[in-house]
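Here's the structure we're looking at; comments come further down.
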2 protein chains.
Amino acid sequence: MRLTRIRVPELPADLEAGPELVLTGGEVRHLGVMRLGAGDPLLVFDGRGREARAEVTALDGLRATLRLVEELPGTPETPQPVTLAVALLKGDKLADVVRAATELGVARIQLLVTQHADVRDIGANKLARLNRVAAEASKQSRRAVTPEVLPPVPLAALTWEGQAYVAHPYVHDLLSSHLHWDSPVTLLTGPEGGFSESEMEALLSRGAQGVVLGPRILRAETAPLALLGAIAATGV
Amino acid sequence: MRLTRIRVPELPADLEAGPELVLTGGEVRHLGVMRLGAGDPLLVFDGRGREARAEVTALDGLRATLRLVEELPGTPETPQPVTLAVALLKGDKLADVVRAATELGVARIQLLVTQHADVRDIGANKLARLNRVAAEASKQSRRAVTPEVLPPVPLAALTWEGQAYVAHPYVHDLLSSHLHWDSPVTLLTGPEGGFSESEMEALLSRGAQGVVLGPRILRAETAPLALLGAIAATGV
């Protein structure tokens, strides 16, 4: 079983000296949703790279007490892997997306062939170059993980585990209201011109969640960074 | 007096036919914080470009009823102007920042001279070029407003009205918990190497709010887009 991992406002500076943590508000509701009770193990992280194993010692609807068991090695990685599934783009735009997405913590970049794409494939050399860009960006941002850039698949053939989000112009759902860290995350972004109507319908019917990204028109290379920025600003 | 402007989950398709709106949760608390009561006017927007004048008809701690008075012309602009105050960057990086920031809705870009900057000034030609980039990006994203790119000022000479936010590695405050739309917003981002410690202290002591942007190291040109993306993902 994968441990529930929740973000806490703060971890005590010295975990040995202050091994108890009291939570209120959203985190308590989240523990309830995850059906955790006294004695259950979980992971807590502070959004600034520190993480610890913990155990629920008491829980009611308003308040939870956790015993902090031990600090884990800090990591700049997201609590669950984030995949960016991005349509093929013209020219050097994909390199820019790969570079910034790597800084913003993606674990994997899956290229997509979509209906409106003006690029239908990518050569082996170019794919190798994108992987080099990811490796360099990973090193520069001091991540231990180098995201892999995977060769393009047709959108209909894309599969995902966990949550999938796609920016949608006609919904009012916020990414922050849906996102949770109990399962992997996939962000889908389209080509210049966007996903077609039938592609969008297919994604939603397959369980992707439409989310709002403001009322302006974003370039295909800006949308993924906006979604990833929104996630980074939650402190993961 | 500037009208309070709140985001609502949805506006009725036909404002003439369904002129009442019931709010619960966060919006109701926000109305309370703004000390609004029955009879007070306000603006509501749906985060997808629609906006309306409204009036509070009833308000208790849990629930508010608004009468929708009239629809206003839709706008892709943020409810309050957003200024990006960004350090001078090398090469063509500022053009990329200006382009994406314009798409993401900034009203103004203020260039900054900072301690760690490896660029100390910008020529008139280059500034004119950045303004052309902003004008083109504004047109492409169908905005009516063209952000002005203002010549650099020393960080200490920067003034702002309303809220200011700066990404800070040692705080756990979320941008989304602090941001509100009752006053203009300024986002501050540093050069490669970041703001110096004394610069950061000065900003915080002048009232800028430190916010978390995840545990990874972002390039100077990625950080502003991450902050702006986080705002766009709230639907403004």
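Quick note on labels: first sequence line is chain A, next is B, and so on, each numbered from 1. Basis for what follows: all heavy atoms, side chains included, without hydrogens, waters or symmetry-related copies.
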message: Quick check on B:Glu70: does its CD atom have over 12 non-hydrogen neighbours (other residues, nucleotides or ligands) under 6.0 Å away?
response: yes
task: Measure the spacing between CZ of B:Arg219 and CD of A:Gln140 and express it to the nearest 0.5 Å.
output: 7.0 Å
query: Listed by residue number, which members of residues 84-100 of chain A have a heavy atom under 4.5 Å from any heavy atom of chain B?
result: A:Arg99, A:Ala100
field: Heavy-atom closest pair, residues B:Arg216 and A:Arg143
entry: CD-CD, 3.7 Å
- request: Sort out for me which of A:Ser176, A:Ala232, A:Ser177, A:Ala167 touches chain B most, counting heavy-atom pairs under 4.5 Å.
  value: A:Ala232
statement: Assert top hit (heavy-atom pairs under 4.5 Å, partner chain A, pool B:Ala233, B:Ala223, B:Ala137) equals B:Ala233
query: Which region of B:Glu221, side chain (C-beta onward) or backbone (N, CA, C, O), has a non-hydrogen atom less than 4.5 Å from a non-hydrogen atom of chain A, or is it both or neither?
result: neither
- line: All heavy atoms of A:Gly235 vs all of B:Pro215, minimum pair found to be O-CD, 4.3 Å
CA sep, side-chain torsions, deciding dist, call: A:Leu104, B:Thr222, side-chain contact (heavy atoms from CB on, under 4.5 Å): CA-CA 9 Å; A:Leu104 289 163; B:Thr222 306; 4.1 Å; yes
- prompt: Given that the side chain runs from C-beta out, which part of A:Leu228 has a heavy atom under 4.5 Å from chain B: side chain, backbone, both or neither?
  reply: neither
query: Taking all non-hydrogen atoms of both residues, which atom of A:Val212 and which atom of B:Thr234 are closest, and how far apart?
result: CG1-C, 4.5 Å
